[in-house]
2 protein chains.
Amino acid sequence: MTMQRTYSKALDRLKNANLRPTRQRLALAKLLLENGHRHLTAEELFHEARANGIMVSLATIYNTLHQFTSAGLLREVVVDMGQSYFDTNTSHHHHFFDEATGKLSDIPDDHIEISRLPTPPDGQQIDRVEVIVRLRDAASTSN
Amino acid sequence: MTMQRTYSKALDRLKNANLRPTRQRLALAKLLLENGHRHLTAEELFHEARANGIMVSLATIYNTLHQFTSAGLLREVVVDMGQSYFDTNTSHHHHFFDEATGKLSDIPDDHIEISRLPTPPDGQQIDRVEVIVRLRDAASTSN
DNA sequence: GTGTTTGCAAAGTGTTTGCAATTTA
DNA sequence: TAAATTGCAAACACTTTGCAAACAC
């Protein structure tokens, strides 16, 4: 029940990533990495931090998100123009994207299967395959 | 060999889309729709237009790209933060994305196959499935 | 002529950067 | 106390918008 125990998981993750466990990084790591899988924009994380009484600047939010991404603690997902999403689930999986609400959600890995992959062009290899399943209201007709 | 003949294809496309064939739209339609399949950013189209002696403002480039997209003459593709690509190939297909150069290219439709698709969440349907195969240099090791 | 389209310049949005002050080890 | 990190404000890149002038029908 000590502070040490409370922060240990986030702390370990930061240490493993060679990131100094500053107050801001610890708090953000806790929010991001100890609440199940999420898809957050920088702005959303910023507000969530504020709502939890964590004082962090937006600049630090951006820095932290990128550092975490480089360290493999997060994955960046780009699905629409204008903003990045950061996914706390770094394992291999794909996404639903609700065009109406701008919300991303995970597709369970056994619900999608790619049975044939293209040969990459000469001198290149496949780095990652990303599938976005774009959703719309069931009612709306194709137009 | 008349002007009329030269522009007829682009002209028809505009008419079918209910877009007034203005000088700018005709010229851009010619660039975009009569040169095979391309993936262009707004800025690239702007420079290409200038290079071809077509005087168009960047604002008009953006307007036109969006009007063409709404009309189904183009498809917008978002793969990285900060800019949209417009694809002159509107038929069903997926993309390679070269992270190093920022270039998009088509994956022939018979080179990729998705054999299982997820059930969309309640009240929603699948609008479109988009696959991005991200490429990196063959030499570079995973890091 | 009337409604549409264009181009400019200004505004907007999400993100990045420079740098002094603060914090961590 | 030396090196890393933070926060502010300014700078950025791309895109959108307001509106008067130009254009299409």
Q.
Protein within reach of the bases, or only the backbone? For nucleotides 5-21 of chain C, mark each nucleotide 5' to 3' as B, S or -, using heavy atoms under 4.0 Å.
A. SSBB-----SBBB----
Q) Looking at residues at least two apart in the chain, or sitting in another chain, which of them share a side-chain hydrogen bond (donor to acceptor under 3.5 Å, both in side chains) with B:K15? A) none
**Q.** Pairs flagged by salt bridge (charged side-chain N to carboxylate O under 4.0 Å, His left out) wherever residues 68-87 of chain A is involved - sequence neighbours left out
**A.** none
Q. What pairs with A:E113 under salt bridge (Lys or Arg N to Asp or Glu O under 4.0 Å), at least two apart in sequence or on another chain?
A. B:R116
Q | Flag side-chain contact, heavy atom, 4.5 Å: B:V129 against A:R134 | A | no
Q. Which string of ( ) [ ] | and . matches DNA chain D, if you list each base 5' to 3' and count Watson-Crick or G-U pairs only when both distances are under 3.5 Å?
A. |||||||||||||||||||||||||
**Q.** A:D106 side chain near A:F96 side chain, heavy-atom distance below 4.5 Å
**A.** no
Q) Going by distance alone, is a donor N or O of one side chain under 3.5 Å from an acceptor N or O of the other, for B:Q125 and A:R136? A) yes
Q: Sorted by first residue and then second, give each side-chain hydrogen bond (donor to acceptor under 3.5 Å, both in side chains) pair with at least one member in residues 42-59 of chain A; sequence neighbours left out.
A: A:R38-A:E48, A:E44-A:K103, A:S57-A:T60
